[in-house]
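Hydrogens, waters and symmetry mates play no part in the numbers below; they use all other heavy atoms, side chains included. Keep in mind the model is a prediction, meaning the values are calculated, not measured.
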Amino acid sequence: MGVKLSLKLPPVTGPHFVSCTDIMVGHSKEGSFFRLFYPCSSSDTVQHPTWLPDSEYVTALAKYLGWDSRITPYISSLILGNPEVPVSWGIPLVPGVDKKPLIIFSHGLGGFRTVYSALCMQLASHGFLVAALEHRDGSACATYHFGEPTNAPVKEVWVPFNKVEVGTKEFYLRNYQLHQRANECVRVMHVLRDINAGVAVFNVLKSDFDLETLKGRIDFNKVALMGHSFGGASTLLSLTKDDTFRCAVALDAWMFPLDDASYPDIRKPILFINAEHFQTSSSIEKMKRLNAGNKESKIITILGSVHHSLSDFAFLSGFLTDRLLQPRAKINPGQCLQATITTALTFLQKHLDLPGNLSSLDSLSEEIRACILPDFSITNSSKL
């Protein structure tokens, strides 16, 4: 019998080595919590971050996804097997005086800060700083903060996933969370702005990474948003919250929580990268409403992909995978990642006015280019 369950993320392909570190600012739930991916000058082969940062996430993730309790021990083997993210941990930012563009990344419903590591580390390998949030609105499968410091030892305070209660209309809960998520995106950007300005910011978590090395290294004229599913909708609303954000990349965005009143205020360029098998006709029409207001916004679809193809779950393998992930994608996960990164980089280079040539569709194989369908008219939808 084959491997029950394993996760192996592909190495970065950009010109930079990549490292990452976790940053938590403030002890309360209203603070900020994110993993920062960034380019570094060397590769530390001794210490790599784990994909699942704590065993609490295993149980919470399995519960959120509704996986059979008999399968949970195999999911726990991900912790015991210690799957790693193939980047360094906490080593210095690449030296220099140049300023790096910034991406604020928002996870989907039931996700957490490491679920999109493959995407985030690829972006960092092309010179971006990528702050991958862990939202505390109750949409993460689990997250935590620390109680206010006292004489007693400070303990983790876990924030559980917020289910829709019977009799509650889902839209009202999700719309409320959406605004909180957008505010959290703005808050993280402001934390990084303070760090960039040389303001002393205390990282509650123990880390060897010196935040002062980021002073003067972030280009706040080149800040973008990116997110998947609920995170895609979060990036759209965030565009209305702070004018620092110049554009957004929405990965298979869940349009349901976005209220109609927000549409006229979303005027920045948006790239929608959709999976073939997730969006509804009504969601596509909502995207087109935003596109109608901005000729620089675009919709593309990656043929053969499904909703989780745009997350690290695409790289799960083993004989249990077919039981855990349905429907299954037809496109190879590595090819889907290449298509996503290349189209996103092309868009970001244009709208952040980045120098050089980060990436081009011409660099993709003919097979991958054939999977990228522009201005997709939906024919095969699935309900949310």
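- Arg289 and Asp260 are joined by a salt bridge, as a carboxylate oxygen and a charged side-chain nitrogen come within less than 4.0 angstrom of each other.
- By the 4.5 Å heavy-atom criterion applied to side chains, Cys185 and Leu225 are counted as neighbours.
- For Thr343, the side-chain contact (heavy atoms from CB on, under 4.5 Å) criterion is met by Ile273, Ile300, Leu361, Ile372, not counting sequence neighbours.
- Remark: Phe209 CZ to Asp22 CG distance equals 12.0 Å, nearest 0.5 Å.
- For the pair Ser88 (side chain) and Ser19 (backbone), a donor-acceptor distance under 3.5 Å is absent.
- Heavy-atom minimum distance, Cys120 versus Ala132: SG-CB, 4.1 Å.
- Between the side chain of Ser229 and the main chain of Gly231, no donor-acceptor pair closer than 3.5 Å is present.
- A side-chain donor-acceptor contact under 3.5 Å links Asp242 and His190.
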Applying ring pair (Phe, Tyr, Trp, His ring centres under 6.0 Å), run through Trp158 and Tyr57 and close with a yes or a no.
-> CA-CA 10 Å; Trp158 285 89; Tyr57 292 91; 5.4 Å; yes

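- The one candidate from His135, Glu184, Arg136, His145 that meets the side chain to side chain contact (heavy atoms under 4.5 Å, CB included) condition with Phe33 is Arg136.
- Summarising the geometry of Pro39 relative to Phe128, their closest heavy-atom pair is CD-O, 3.4 Å, with the distance given to 0.1 Å.
- Other residues, nucleotides and ligands contribute over 12 non-hydrogen atoms within 6.0 Å of the CZ atom of Phe171.
- Residues Val306 and His308 meet the side-chain proximity criterion, which asks for heavy atoms closer than 4.5 Å.
- In plain terms, the two heavy atoms of Cys20 and Phe37 that are nearest each other are CB-CD2, 3.9 Å.
- Going from atom CE of Met226 over to atom CZ of Phe347 covers 9.0 Å, rounded to the nearest 0.5 Å.
- In this structure, the side chain of Thr342 engages the main chain of Gln338 through a donor-acceptor pair within 3.5 Å.
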Verdict with reasoning, Phe256 to Asn175, per side-chain contact (heavy atoms from CB on, under 4.5 Å) | CA-CA 9 Å; Phe256 169 75; Asn175 181 257; over 6 Å; no

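- The backbone N or O of Phe230 lies less than 3.5 Å from a partner atom in the side chain of Ser234, making a donor-acceptor pair.
- The CD1 atom of Ile299 lies 9.5 Å from the CG atom of Leu271; values are rounded to the nearest 0.5 Å.
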So Ile23 and Leu205, side-chain contact (heavy atoms from CB on, under 4.5 Å) or not? Walk me through it.
-> CA-CA 7 Å; Ile23 299 172; Leu205 304 175; over 6 Å; no

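- In this structure the side chain of Phe272 never reaches within 4.5 angstrom of the side chain of Val249, judged on heavy atoms.
- Checking side-chain atoms of Asp312 against main-chain N and O of Ala118 turns up a donor-acceptor pair under 3.5 Å.
- Between Pro86 and Met121, the shortest heavy-atom contact is CG-CE, 3.5 Å.
- Looking only at atom types and distance, the side chain of Arg181 has no donor-acceptor partner in the side chain of Ser238 under 3.5 Å away.
- Arg369 places a side-chain N or O within 3.5 Å of a backbone atom of Leu364 that can act as its donor or acceptor partner.
- Minimum heavy-atom separation, Trp89 to Gln47: CD1-NE2, 3.3 Å.
- Counting heavy atoms from C-beta on, the side chains of Ile270 and Ile266 come closer than 4.5 Å.
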I would like to know whether Glu276 and Asp252 meet side-chain contact (heavy atoms from CB on, under 4.5 Å); could you show each step before the answer?
-> CA-CA 9 Å; Glu276 183 178 3; Asp252 221 14; over 6 Å; no

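- Note that OG1 of Thr114 is 7.5 Å distant from CD of Glu134, once rounded to the nearest 0.5 Å.
- A side-chain donor-acceptor contact under 3.5 Å links Ser28 to the backbone of Glu30.
- Glu84 places no side-chain N or O within 3.5 Å of a backbone atom of Trp51 that could act as its donor or acceptor partner.
- Alongside Val159, the hydrophobic cluster contains no other residue (criterion: ILVMFWY side chains under 4.5 Å).
- Under the 4.5 Å side-chain contact rule for hydrophobic residues, Phe17 and Leu9 do not share a cluster.
- One distance of note links CG of Leu7 with OG1 of Thr50; it measures 11.0 Å at 0.5 Å rounding.
- His228 and Tyr116 are linked by a side-chain donor-acceptor pair at a separation below 3.5 angstrom, with hydrogens and angles left out of the test.
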Take Ser139 and Arg174 through the side-chain hydrogen bond (donor to acceptor under 3.5 Å, both in side chains) test and state the conclusion after the steps.
-> CA-CA 9 Å; Ser139 65; Arg174 300 309 182 201; over 6 Å; no

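- In plain terms, the two heavy atoms of Leu352 and Ala224 that are nearest each other are CD1-CB, 4.1 Å.
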In sequence, state the C-alpha distance, the side-chain angles, and the governing distance for Thr143 and Phe161, and then conclude on side-chain contact (heavy atoms from CB on, under 4.5 Å).
-> CA-CA 8 Å; Thr143 186; Phe161 179 76; over 6 Å; no

Steps toward side-chain hydrogen bond (donor to acceptor under 3.5 Å, both in side chains) verdict (Ser106, Thr235) = CA-CA 7 Å; Ser106 174; Thr235 66; over 6 Å; no

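- Taking the six-membered ring where the residue is Trp, His307 and Phe278 present parallel rings, their angle staying beneath 30° rather than reaching 60°.
- At least one side-chain heavy atom of Met24 sits less than 4.5 Å from a side-chain heavy atom of Asn203.
- Under the 4.0 Å criterion applied to side-chain N and carboxylate O atoms, Glu296 and Lys350 are assigned as salt-bridge partners.
- Val157 has its side chain out of reach of Lys29: every pair of non-hydrogen atoms, C-beta onward, lies at least 4.5 Å apart.
- A donor-acceptor pair shorter than 3.5 Å can be found between the side chains of His179 and Lys241.
- Listed for the Gln177 side chain is a donor-acceptor partner under 3.5 Å among the backbone atoms of Asp137.
- Tracing side-chain contacts under 4.5 Å through hydrophobic residues (I, L, V, M, F, W, Y), one never reaches Leu173 starting from Leu258; they form parts of separate clusters.
- Sequence neighbours left out, the pairs with a member in residues 196-222 that pass salt bridge (charged side-chain N to carboxylate O under 4.0 Å, His left out) are Asp98-Arg217.
- Judged by distance alone, with hydrogens and angles left aside, the side-chain atoms of Gln122 form a donor-acceptor pair with the main-chain N or O of Pro11 at under 3.5 Å.
- In the hydrophobic clustering of this structure, Val186 does not group with Tyr176; members are Ile, Leu, Val, Met, Phe, Trp, Tyr whose side-chain heavy atoms approach within less than 4.5 Å, directly or through other members.
- In this structure, Phe34 and Arg113 have side chains that are not in contact, with every pair of non-hydrogen atoms separated by 4.5 Å or more.
- The side-chain heavy atoms of Leu214 and Leu93, taken from C-beta on, include a pair separated by under 4.5 Å.
- Atom OH of Tyr172 has 12 or fewer heavy atoms from other residues, nucleotides or ligands within 6.0 Å.
- The CG atom of Leu102 sits 13.0 Å away from atom CZ of Arg246, with the distance rounded to the nearest 0.5 Å.
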